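Everything on this sheet refers to the single structure shown next.
Computed from a predicted structure; not experimentally measured. In the text below, chain A, chain B and the rest are named by the order of the sequence lines, each starting its count at 1. Side chains included, hydrogens not; waters and symmetry mates left out as well; all remaining heavy atoms used.
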Protein chains: 2
Amino acid sequence: MGALAEGLTRNQALVLDRLVAAGTPLSAYAILDALRPSGLKAPLQVYRALDRLVDRGLVHRLESLNAFIACCHDQHDRTAVFLICQRCGAVDEEDAPTLQGAIADLARASNFAVDSVVLEIKGLCRGCR
Amino acid sequence: MGALAEGLTRNQALVLDRLVAAGTPLSAYAILDALRPSGLKAPLQVYRALDRLVDRGLVHRLESLNAFIACCHDQHDRTAVFLICQRCGAVDEEDAPTLQGAIADLARASNFAVDSVVLEIKGLCRGCR
DNA sequence: GCAAATGACGTTATGCTATAACATTTCATT
DNA sequence: AATGAAATGTTATAGCATAACGTCATTTGC
């Protein structure tokens, strides 16, 4: 079991380890089921750990899947772009500076102060198209 | 009570009218509660109507809110972008060709075939910032 | 015409997702 | 030790969405 990042509590480390091991999105309840042998018993234990991990940028929430995935980059830019394959379920996290710029431009034009961005693209990945 | 579009069934028209009248996002259950006087009784009646309306592009689903909003444009051939104010709850639907282009470029670079795009920007609107 | 296919509808039941509320524990700092 | 902040454990509940059944009306093709 890896100490994948410093300063994590036991529950947070368990949840993060599980997500990293999976490499794919997992629902909170799937995580809970996987961690029952480790002693977790209630959804709230998982949700609380996920909240902290998302705050730190170690985990991303996929709104369109109601699921969570470990961040695959070491630098945790808050605005990630996800390519979600509808056939195989793979999720690719992209860094998209061009998109960041376009979003910033759009927000500026509307006089809108951006806090966070949800950008999830669904379709078929390279291997499945 | 407008016949807001042709070819809608009674339930679909009820749901769409309610969303248009609201002008803001509504959850499926909020719609159901509003339409109980009109005879709707079960969530599935609302969800089925919403499915058809979303298929036609008359309604959008806001993934990050688990809610639905009437499309404010008459034609909707593009992917919509939503600016969601975290303070007043207003949702602004934008047409963003520049973003479309950036998304297409990104997908092309990853050899990813885009089916649909979820793009929801949260922050403070002009009046609330 | 009439059978088959289609799609909407109604209803009950169920499952999945997420948080409220409250008591307790842990741990760093003073 | 005393304090305060954060994490934990637990039960209960709220909120979101669909499965599975049967019915009805309309369209399509023979």
(request) Just do the side-chain contact (heavy atoms from CB on, under 4.5 Å) check on B:L58 and B:C71 with the steps written out, would you? (result) CA-CA 5 Å; B:L58 298 172; B:C71 179; 5.6 Å; no
How many Å lie between [atom1] on [X] and [atom2] on [N], as a whole number?
X	N	atom1	atom2	answer
A:Q12	C:dT26	CD	P	17 Å
B:L35	C:dG10	CG	C1'	16 Å
B:L8	C:dA8	CG	P	11 Å

(message) For C:dG10, does the base pair up with any side-chain atom of B:R48 as donor and acceptor (N or O, under 3.5 Å, distance only)?
(response) yes
(message) Show me the pairs that pass ring pair (Phe, Tyr, Trp, His ring centres under 6.0 Å) and involve residues 82-119 of chain B, at least two apart or across chains.
(response)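 The answer is B:H60-B:F82.
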Please report the closest heavy-atom contact between [X] and [Y], naming both atoms and the distance.
X	Y	answer
A:L32	A:P43	CD2-N, 3.7 Å
B:S64	A:E63	CA-OE1, 3.6 Å
A:P25	A:L62	CG-CD1, 3.7 Å

(request) Measure the shortest side-chain to side-chain distance between A:V117 and B:L119 over non-hydrogen atoms and say whether it is less than 4.5 angstrom. (result)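 Result yes, sub-4.5 Å side-chain heavy-atom pair found.
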(request) Give a yes/no answer on whether the side chain of B:Q45 brings an N or O atom under 4.0 Å of OP1 or OP2 in C:dC9. (result)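 The answer is no; no side-chain N or O of B:Q45 sits under 4.0 Å from OP1 or OP2.
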(message) One character per nucleotide, please: for nucleotides 13-19 of chain C, 5' to 3', B when the base has a protein heavy atom closer than 4.0 Å, S when only the sugar-phosphate does, - otherwise.
(response) ----BBB
(message) Quick check: is A:V91 connected to A:L16 through a chain of hydrophobic side chains (ILVMFWY, heavy atoms under 4.5 Å apart)?
(response)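 No, A:L16 does not connect to A:V91 through the hydrophobic network.
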(message) If the threshold is 4.0 Å, N to carboxylate O, is there a salt bridge linking B:D105 and B:R108?
(response) yes
(request) Could you list where the contact with chain B starts and ends along DNA chain D, reading 5' to 3', using a 4.0 Å heavy-atom cut-off? (result)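 Range of nucleotides touched by chain B: D:dC16 to D:dA20.
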(message) List the residues meeting side-chain contact (heavy atoms from CB on, under 4.5 Å) with A:A90, not counting sequence neighbours, and say none if there are none.
(response) A:C88
(request) Return the angle between end axes of the helix from C:dG1-D:dC30 to C:dT30-D:dA1, with five pairs used per end and rounding to 10°. (result)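 Computed angle between terminal axes is 40°.
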(request) Carefully, step by step, assess B:N111 and A:R129 under the rule side-chain hydrogen bond (donor to acceptor under 3.5 Å, both in side chains). (result) CA-CA 9 Å; B:N111 200 15; A:R129 68 184 302 178; 2.8 Å; yes
(request) Give every residue pair that meets the salt bridge (charged side-chain N to carboxylate O under 4.0 Å, His left out) criterion with at least one member in residues 33-44 of chain B, sequence neighbours excluded. (result)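 Passing the test, one end in residues 33-44 of chain B: B:D33-B:R36.
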